[in-house]
Amino acid sequence: MRRFRWWWGALVLACVAVLVGFFVFFGTESRPGQPFPRQGPPGRGPLTVVAIGDSTVSGEGAGAYSPDTDGKNGDWCHRSSAAFVQKVRLPGITARVNLACSGAPAAQVALGDAKQWGERSQAAQLADVVKNHRVAAVVIAVGANDDPKFSAQVSECFKAWFSSGGPSCNVALKETWKSKVDAMIPKVANAVGDVKKVLADAGYVPADYQLVLQSYATPVGPDIPPDLQSLNGCPFRTDDLQWISTAGISTLSAGIKQAATQSGARFLDLARAGENHEACSGGPNPASEWFTRLTLHLSDLTQVDRATHALQESFHPNAAGHAAIADCLTDFLTTQQGNAACLAGPDGKLHAVPEPIS
C-alpha cells in the first residue's frame, strides 16, 4: 500500500510538470474582457502600447508637441501629447510610447540607416523600449510618404486651384496612382517585418502582443462650402476633392491592407473614419471638424529655421480627430481578431466594425 501511494504521488507530480510546461510555452486561452492572451509579454516594466509611423501617428496637427520634436536641433517629428496613442484605454495598459515622426517613410520605420529629421530607425528605437517595457500592442501607420507621396499630391492639388485654366491635379494622378501604391506595398511590408523581428529578438512570440497596421483617413471631402474652397480653409477644386476622398484614399487603403496581409498584421481601415468631419466640412463651425484646415503659422515666417515648416500642420487630424481615432483603436485592440474599419456609430463616436468574413 505504501508503494502504491509513492507511485501515485510521483504520477501526480509528473502530470503537474507537464501542465506547467504547456502553459509556459503555449499560454492559456484569453477570457472575455481580457485584451491580450497568455500572461502577457516577456520582460519587465509597464504593460505598453507603442505607436510607430508618420505624421498621422505622431500627432501632426494636434498641437502640444514635445519641445524636442518641434524644431529643436532640426527635429520636426511633431510628436503630440494629444496623439491617439496617448488616449487609448485598455485594461492593464499603464504606459504609451510614441516613436512616430512626421514625414517618415517606410525605410525609417524599418531597421537600417535611414533617418527622418535626424531621428534613427523607429524599429531600432523599439528595441530600446522593450528593454524596460512589456509591449502589448504595436500600432503602425506608414507608406503615404513613400511612392504615393500623399502630402506632395495634396500640394499639387493646392497648386491646381491657383491655376484655374490648367488641368485638375487628379487628371495626372489617375494614370499613376495605382502603380505608386503598388510600389509602396513591399516597403511597408518590410517595415512591419522589421518591427516583428525586433520583438522576436527580444523573446516575444506572436501571442504576446497585437500588431496593427492602419490606413489613412480622408482629410478633405467634396461637400465644402464654396466660400471655404479658398485660402480661408480648403483651396481645392471640387473634382480634385472628389477624387482624393474616393479613388485616391480607397486605393491607398487597399494597398496598405495588402501589406498587412503580407506581413501578418491586423488591418484597421481609417478611409471613412473622418466622414462628415473633414476639414472645412463644418462651414462656419470648425469645432465639428476632425482635421486641420489650411494652417499657416505667421510667427514662424519670421524665423529662418521655422519658415519652411509654417504650413506643416495643414490637413492632418486635429486633437478631436485623434481622440476619435483612439475610440476606434481601443475597440479594435479589445476584439483581438480579424480586420475592421473605423466607422461612426449611433453615438457619433468611431467604432471598429469587423470586416465581413468572406
Side-chain angles (χ1 to χ4, degrees), residues 54-57 59-62 82-84 87-88 139 141 143-144 148 150-151 153-154 157 170 173 177 181 212-229 233-257 260 267-295 313-332 335 338-356:
D54 54 29
S55 58
T56 62
V57 186
E60 183 74 75
F84 66 75
K87 301 175 182 294
V88 170
V139 182
F150 191 71
S151 293
Q153 308 305 344
V154 171
C157 293
N170 73 85
L173 281 174
W177 188 243
V181 171
V212 176
L213 182 61
Q214 67 180 41
S215 64
Y216 297 84
T218 306
V220 289
D223 301 321
I224 293 177
D227 62 312
L228 287 178
Q229 284 184 261
C234 299
F236 302 105
R237 296 185 184 185
T238 301
D239 59 332
D240 286 337
L241 290 170
Q242 183 68 37
W243 183 87
I244 290 171
S245 62
T246 54
I249 203 72
S250 63
T251 301
L252 181 60
S253 288
I256 294 172
K257 181 180 180 180
F267 175 64
L268 183 60
D269 190 0
L270 269 64
R272 296 175 55 195
E275 283 185 348
N276 302 316
H277 295 280
E278 300 94 340
C280 298
S281 63
N285 181 27
S288 66
E289 298 167 11
W290 292 348
F291 299 84
T292 57
R293 300 180 177 188
L294 181 68
T295 304
E313 289 184 326
S314 302
F315 309 113
H316 285 85
N318 57 25
H322 276 272
I325 293 170
D327 287 337
C328 179
L329 182 59
T330 297
D331 261 9
F332 188 58
T335 62
N339 299 330
C342 289
L343 300 173
D347 58 0
K349 295 183 178 181
L350 287 181
H351 295 276
V353 178
E355 181 181 83

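Side chains are part of it too, since the values below use all heavy atoms of this structure and drop only hydrogens, waters and symmetry mates. Because the structure is a prediction, the values reported are computed rather than measured.
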### Message
Listing request: all salt bridge (charged side-chain N to carboxylate O under 4.0 Å, His left out) pairs with a residue in residues 246-257, at least two apart in sequence or in separate chains.
### Response
Lys257-Glu355

### side-chain hydrogen bond (donor to acceptor under 3.5 Å, both in side chains) partners for Asp331, two or more places apart
His351

### Summary
Rounding to 0.5 Å, atoms CG (Asn276) and CH2 (Trp290) come to a distance of 9.0 Å

#### Entry: Sequence-distant partners of Lys87, salt bridge (Lys or Arg N to Asp or Glu O under 4.0 Å), two or more places apart
none

### Message
Holding to side-chain hydrogen bond (donor to acceptor under 3.5 Å, both in side chains), I want the full list of residues that pass it with Thr56, two or more places apart in sequence or in another chain.
### Response
Asp54

### Task
List for me each residue that meets side chain to side chain contact (heavy atoms under 4.5 Å, CB included) alongside Pro354, sequence neighbours excluded, and say none if there are none.
none

### Task
Start with the C-alpha distance between Cys342 and Leu270, add both sets of side-chain angles, then the distance that settles side chain to side chain contact (heavy atoms under 4.5 Å, CB included), and finish with yes or no.
CA-CA 5 Å; Cys342 289; Leu270 269 64; 3.8 Å; yes

### Closest approach of Leu329 to Val88 (non-hydrogen atoms, all atoms of both residues)
CD2-CG2, 3.6 Å

### Query
Is the backbone of Ala144 close enough, under 3.5 Å, to the side chain of Tyr216 for a donor and an acceptor to pair up by distance?
yes

### Query
Short question: side chain of Ser245, backbone of Gln242 - any donor-acceptor pair under 3.5 Å?
yes

### Query
Under 3.5 Å, side chain of Asn318 to main-chain N/O of Glu289, donor-acceptor pair present?
yes

### salt bridge (Lys or Arg N to Asp or Glu O under 4.0 Å) partners of Glu278, counting only residues at least two apart
none

### Task
Could you go through the side chain to side chain contact (heavy atoms under 4.5 Å, CB included) check for Asp223 and Ser281 one step at a time?
CA-CA 7 Å; Asp223 301 321; Ser281 63; over 6 Å; no

### Message
Checking the side chain of Gln214 only, and the main-chain atoms of Val139 only, is there a donor and an acceptor separated by less than 3.5 Å?
### Response
no

#### Entry: Closest contact, heavy atoms only, Val154 versus Phe315
CG1-CD1, 4.3 Å

### Partners meeting side-chain hydrogen bond (donor to acceptor under 3.5 Å, both in side chains) with Ser288 (sequence neighbours left out)
none

### Message
Using side chain to side chain contact (heavy atoms under 4.5 Å, CB included), reason through Val212 and Phe267 one step at a time and then give a plain yes or no.
### Response
CA-CA 6 Å; Val212 176; Phe267 175 64; over 6 Å; no

#### Entry: Ile249 to Thr218 - nearest heavy-atom pair and separation
CG2-OG1, 3.2 Å

### Query
Looking at residues at least two apart in the chain, or sitting in another chain, which of them share a salt bridge (Lys or Arg N to Asp or Glu O under 4.0 Å) with Arg272?
Glu275

### Message
Once rounded to the nearest 0.5 Å, what's the spacing between atom CZ of Phe291 and atom CD of Glu313?
### Response
14.5 Å

### Message
With rounding to the nearest 0.5 angstrom, report the CG to CD distance, Leu252 to Gln153.
### Response
11.0 Å

#### Entry: Minimal non-hydrogen separation, Ala260 against Leu213, with atom names
N-CD2, 3.6 Å

### Message
Please report the interatomic distance OG1(Thr330) to CD1(Ile325), rounded to the nearest 0.5 Å.
### Response
11.5 Å

### Task
Can you sort out the partners of His316 under ring pair (Phe, Tyr, Trp, His ring centres under 6.0 Å), two or more places apart, ordered by chain and number?
none

### Task
Can you sort out the partners of Val353 under side chain to side chain contact (heavy atoms under 4.5 Å, CB included), two or more places apart, ordered by chain and number?
Leu343

### Task
With sequence neighbours left out, write down each residue that passes side chain to side chain contact (heavy atoms under 4.5 Å, CB included) with Ala247, or none if nothing qualifies.
Trp243

#### Entry: Partners passing side-chain hydrogen bond (donor to acceptor under 3.5 Å, both in side chains) against Ser253 (at least two apart in sequence or in another chain)
Ser215, Asp269

### Message
If I take atom SG from residue Cys157 and atom CZ from residue Arg237, how far apart are they, to the nearest 0.5 angstrom?
### Response
9.5 Å

### Derivation and outcome, side chain to side chain contact (heavy atoms under 4.5 Å, CB included), residues Phe150 and Ile244
CA-CA 10 Å; Phe150 191 71; Ile244 290 171; 4.1 Å; yes

### Task
Would you name the heavy atoms of Thr295 and Ser314 that are closest together and state the gap between them?
N-OG, 2.9 Å

#### Entry: Minimal non-hydrogen separation, Ala62 against Ala82, with atom names
CB-CB, 4.0 Å

